[in-house]
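Heads up, the thing below is written out as structure tokens.
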Amino acid sequence: MPKEKMQIMVCGGTSCTGNHGEAIIDNLRLELEANALENDVRVVRSGCFGLCAIGPVVKIMPGDTIYTKVTPDDAKDIVSEHIMKGRKVERLLFKDNVAKKTLSTEKELASQKKQIRIVLRNCGVINPENIEDAIAHDGYEALARVLTTLKPQDVIRIIKDSGLRGRGGGGFSTGLKWEIAFKNKSPEKYVVCNADEGDPGAFMDRSVLEGDPHAVLEAMAICGYSIEADKGLIYIRAEYPLAVARLKTAIHQAREYGLLGKNIMGTGFNFDIEIRYGAGAFVCGEETALIHSMEGLRGEPTVKPPFPAESGFRGKPTNVNNVETFACISPIILRGAEWFASIGSEKSKGTKVFALAGKINNVGLIEVPMGITLREVIFEIGGGIRNGKKFKAAQTGGPSGGCLTEKHLDTPIDFDNLTAAGSMMGSGGLIVMDEDDCMVSVAKFFLEFTVEESCGKCAPCRVGNKRLHELLEHITKGKGTLADLDRLKNMSLVIKDTSLCGLGQSSPNPVLSTLTNFRDEYEAHVTTKKCPSGKCKDLMEYFIIEANCVGCTACARVCPVGAITGERKEPHLINPSICIKCGACMEKCKFDAIIIQ
Amino acid sequence: MKKVKSPEELKKLKTEALERLYGKDKIRVRVHMGTSGLASGAKEIYDFMRLELEKRSIDADVIGTGDMGYSFAEPTIEVKRPGEVPVVFGNVDKLRADAIIEKYIKNGEYVDGILPANYRSI
């Protein structure tokens, strides 16, 4: 035995556990016991290594050795060879057939991991309240390089060549946007950072601003140099107090260090940044509405053209980019356009941060190269569906997007594929739904949000969405007809065609996409008046199976409205006209006598 | 306050900052304190680690950072022992934080809740 205590880590991710991970742990412990080593070598279960494709994974410390595709039978060899004799079990090491190499440590296997952190590179690494931490991690180095060695046109060309597309939703080429703003000459121009993250369930911008605010400040300065602007504005919702506080600190420190303000790093370039607060209106994520809000006007969109690049903030050329887009800029400058363009799919380059939410095990942020499949995101990185339920759909693009279903699981996720599938990238919120979710209710939920958030300026959006919502309400109450489904579709298309801004143009998307992908569910609601997922209260009835009921009276006692009657030790009965369908009785019943019909 | 007057000075500042942060290979604890982390009690863990490490006479840097994105396992902390790769622990409460100090920081023994890096960084 080597002197340093050995430890064995077994991946406890969903994929590895599903492939007999528990049996591997048991067998390892048994083997250790058989050799009287159980007190010397610990076996622990860890989180996911991100190596699901080559799992189950077992790691031995010290030495950082990773064994892949381990079976419970391999426990014997691992203990007798590696633990007792210090010899690696060659056949369990990962062989990279392309590079013709054996990768035996976690460090070497990093290339096999699905997630790449570019935007989130410093999140969780640096102290966001200390600018020197940021500088230690390459902060402001790209700005220095830009200011000393590149002309504005050069920077724009690099960004264009990198293939970076706007991460806020539309996916417009960032380099092209900068070029247009550059070409519109004016002594006064503005760089605006859109931090009005409004999609329900998306929080990547908040995390970047909280974890690495300097990345955004630096990129805004680079943008300012490229389009010849000397003023930057960050539009952020006041409901992000921590992000606001850290941004303020970061701006203050950057000014103190001479990295913002006059004559930055002695190069003669001036650029300063101010914060503008939003009140959290969804429509203010739309760039024209955002600009009006910053001007102190009502947050209402206006017709484009003129685009902000021609006439934006105070009528001056303005370039608006999203937080995540800005966070990509410095690495592109430092590592080159080719490097960035080498990551991702053909037309969507780089990585995308997704906020996983809903019925998924690993709720949180992930950053993956564009072109990854939904299956990899949900079942490998996301750890699968909660409580072992069946996957039904994933909503991307928030209330402006659509749902992806089982048939889309193997479609590479990028801007164009998502649009083709009737959804959109949006800001990267990914809400996962399981078999228990009613898709009509999901569409209704998102519409409720857009009805609330519609600014009211144009009729199709203001009135149309309200009518759409009423129709859905009708359907979930069991009052809909088949003709209503056609009406839903027609109205959705009219709203899309005639609305003024992106909010109205995309608000019917959840309806259209659920209608396309889950027409059977809509039909069940209107024809048989049943909700297949048992979510729509008006379409269900609680019912006691006489044969199972023992008359314990537990249900009658828990019922808040006294809808359940029956003698002791006799089958009980629910009165449907009193029942409020709260489900308390079903939870209480120990005999599975209460069902939903 | 150090005013950066030229790109060369930025380079110098970077070298100094790297030296200050990583020059001495000592125990380093990062507590992830973004909104998700703080909402799950990261501030308490941050205070606990600072206080307890000092009380138990362990020389360590404790740093507050943003979140890593592991919302499902907040609060999360990263611990680096000299000469070793950092290890991230999830679902850290005071009990687990105590075990991390006693077992992992002192003896290198793993405790439950390890979240291996499932990504590569640039």
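Every chain is numbered from 1 and lettered A, B, ... according to where its sequence line falls, protein lines coming before strand lines.
Of the listed residues B:H32, B:E9, B:E109, the one with more heavy-atom pairs under 4.5 angstrom with chain A than any other is B:E109. Among A:G211, A:A136, A:A134, the residue with the largest count of heavy-atom pairs under 4.5 Å with chain B is A:A136. Contact count versus chain A (heavy atoms, under 4.5 Å) is highest, among B:R30, B:K11, B:E16, for B:R30. Options A:S207, A:C48, A:G13 differ in how many heavy-atom pairs under 4.5 Å they form with chain B, and the most are formed by A:C48. Your options are B:F72, B:Y70, B:F89, and the one with the most heavy-atom pairs under 4.5 Å with chain A is B:F72. The greatest number of non-hydrogen atom pairs below 4.5 Å with chain B, out of A:E367, A:R45, A:R121, A:R206, is found for A:R206. Note on A:D138, A:L51, A:V353: by heavy-atom pairs under 4.5 Å with chain B, the leading option is A:D138.
Contacts of A:V125 with chain B are made by both backbone and side-chain atoms, with heavy-atom separations under 4.5 Å. Neither the backbone nor the side chain of B:E19 comes within contact range of chain A; no heavy atom of the residue lies under 4.5 Å from a heavy atom of that chain. Residue B:L21 touches chain A through its side chain alone, counting heavy-atom pairs closer than 4.5 Å. Of the atoms belonging to B:V88, not a single heavy atom falls under 4.5 Å from chain A. Both the backbone and the side chain of B:S36 come within less than 4.5 Å of a heavy atom of chain A. Heavy atoms closer than 4.5 Å to chain A are found in the side chain of B:Y22, but not in its backbone.
Using a 4.5 Å heavy-atom threshold, the side chains of A:S46 and B:Y110 count as separate. Looking at heavy atoms from C-beta onward, A:E106 lies out of side-chain contact with B:V85 at the 4.5 angstrom threshold. No side-chain heavy atom of B:Y119 sits less than 4.5 Å from a side-chain heavy atom of A:L120.
Here the closest non-hydrogen pair linking B:R20 and A:N130 is NH2-ND2, 3.8 Å. Contact between A:Q7 and B:G108 at its shortest, heavy atoms only, is NE2-O, 2.6 Å. Between A:L242 and B:G34, the shortest heavy-atom contact is CD2-C, 3.7 Å. Between A:P128 and B:G66, the shortest heavy-atom distance links the atoms CD-N, 4.1 Å.
Of all residues spanning residues 53-65 of chain B, those with a heavy atom less than 4.5 Å away from chain A's heavy atoms are B:I63, B:G64, B:T65, arranged by number.
To the nearest 0.5 Å, the span separating CD1 on A:I366 from CE on B:M68 amounts to 14.0 Å. Taking CZ of A:R246 as the start and OG1 of B:T35 as the end, the distance is 7.5 Å to the nearest 0.5 Å. Rounding to the nearest 0.5 Å gives a distance of 13.5 Å between NZ of B:K14 and CD of A:E132. Distance check: A:K59 NZ to B:I114 CD1 gives 8.0 Å after rounding to the nearest 0.5 Å. Distance check: A:F203 CZ to B:D67 CG gives 8.0 Å after rounding to the nearest 0.5 Å. Here the straight-line distance linking atom CG of B:L10 with atom CD1 of A:I264 works out to 11.5 Å at 0.5 Å rounding.
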Can A:Y140 and B:V4 be said to form a side chain to side chain contact (heavy atoms under 4.5 Å, CB included), step by step? CA-CA 11 Å; A:Y140 297 94; B:V4 182; over 6 Å; no
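For NZ of B:K103, the number of neighbouring non-hydrogen atoms (other residues, nucleotides, ligands) closer than 6.0 Å is 12 at most.
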